[in-house]
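Whatever order the structure lists them in is the order used to number ligands and atoms, beginning at 1.
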Amino acid sequence: MSNKSKKKIFLDLLKKLFPNPKIELDYENELQLLVAIIMSAQATDKQVNKINKTFFKKFSTPKELFELWEDKIKQEIKSIWLYNSKAKNIFNTSKILAFDYNQKIPTSIKELQKLPWVWIKTAKVFLIATKNAPYLAVDTHVHRVLNRWGFVKTKTPLQTDKEVLKVFNKNEIIDLHHRLVLFWRYYCTARNHKCEKDELLKDICPYKENTK
Ligand code: SF4
């Protein structure tokens, strides 16, 4: 199969599976989303959403979040993995937003990365969700899917990140990030290839072809 037709099949498949994709973290404003993204490292969106049902009621601005202080934030999020460091980062983020950024969240990757624990991937996820920005945030999962499908042949997510714009153009990338996340989460999982039996996937996934 040529790369061009494989890409079309893949993009059509993702559109069919996830016609209206969106991030699965619950949030009502950009501050809540940023906090949820910080909390979501090595945790599931379900765990984060559960905690945030009550935590999000405790603040509505960066200053209010800062005024909770680190200890209270720790208490609120203590059921999540790495809660100590996440509480510290949320608190420090709120301080910077409240006092250096005039309560506003920056809108560029460069500025976002100045916040504690906001890496390039985190910044991209935030901008994809809030601005529909044409980015793909490559983590180990996206790296796995793109390699299994043979779009890239790379060893690390960083290498995949560098290659990805050679595979998909900017128009194709809109919505692709959310679709890829849903795809690795519900189909192309890390542990096995159980979707080989899926009617929609079994004849079109090129994994076996790539590993021959
Ligand atoms: S068979 Fe399923 S899990 Fe395996 S590479 Fe294909 S889509 Fe992914």
> How are the rings of Phe183 and Phe10 set relative to one another: parallel (under 30°), tilted (30 to 60°) or perpendicular (over 60°)?
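If you compare the ring of Phe183 with that of Phe10, the planes turn out perpendicular.
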
> Can you find a side-chain donor-acceptor pair between Asp139 and His143 that sits under 3.5 Å?
no

> Just heavy atoms, cut-off under 4.0 Å: does Cys188 contact ligand 1 by side chain, backbone, both, or neither?
both

> Once you measure the plane-to-plane angle for Phe151 and Trp149, does it fall in the parallel (<30°), tilted (30-60°) or perpendicular (>60°) bin?
parallel

> Tell me which one of His193, Lys197, Lys202 gets a heavy atom nearest to atom 4 (Fe) of ligand 1.
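Closest candidate by heavy-atom distance is His193.
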
> Pick one of side chain, backbone, both or neither for how Phe183 approaches ligand 1, counting any non-hydrogen atom pair under 4.0 Å.
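Near ligand 1, Phe183 shows its side chain, while the N, CA, C and O stay back.
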
> Find the distance between NZ (Lys74) and NZ (Lys86) and round it off to the nearest 0.5 Å.
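So the gap between those two atoms works out to 14.0 Å.
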
> Return yes if a side-chain donor-acceptor contact under 3.5 Å exists between Tyr101 and Glu111, otherwise no.
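On atom types as modelled, these side chains qualify, holding a pair under 3.5 Å.
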
> I need the atoms of ligand 1 closer than 4.0 Å to a non-hydrogen atom of Arg148, numbered in the order shown.
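It comes down to these atoms of ligand 1: 3 (S), 5 (S), 8 (Fe).
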
> Would you mind running through ligand 1 and noting each atom that sits below 4.0 Å from a heavy atom of Trp149?
7 (S)

> Backbone or side chain, does Cys195 get an N/O/S atom under 2.8 Å to atom 2 (Fe) of ligand 1?
yes

> Can you report which non-hydrogen protein atom sits closest to atom 6 (Fe) of ligand 1, along with the distance?
Cys205 SG, 2.2 Å

> For the residue pair Pro206 and Lys6, what are the closest heavy atoms and their distance?
CG-CD, 3.7 Å

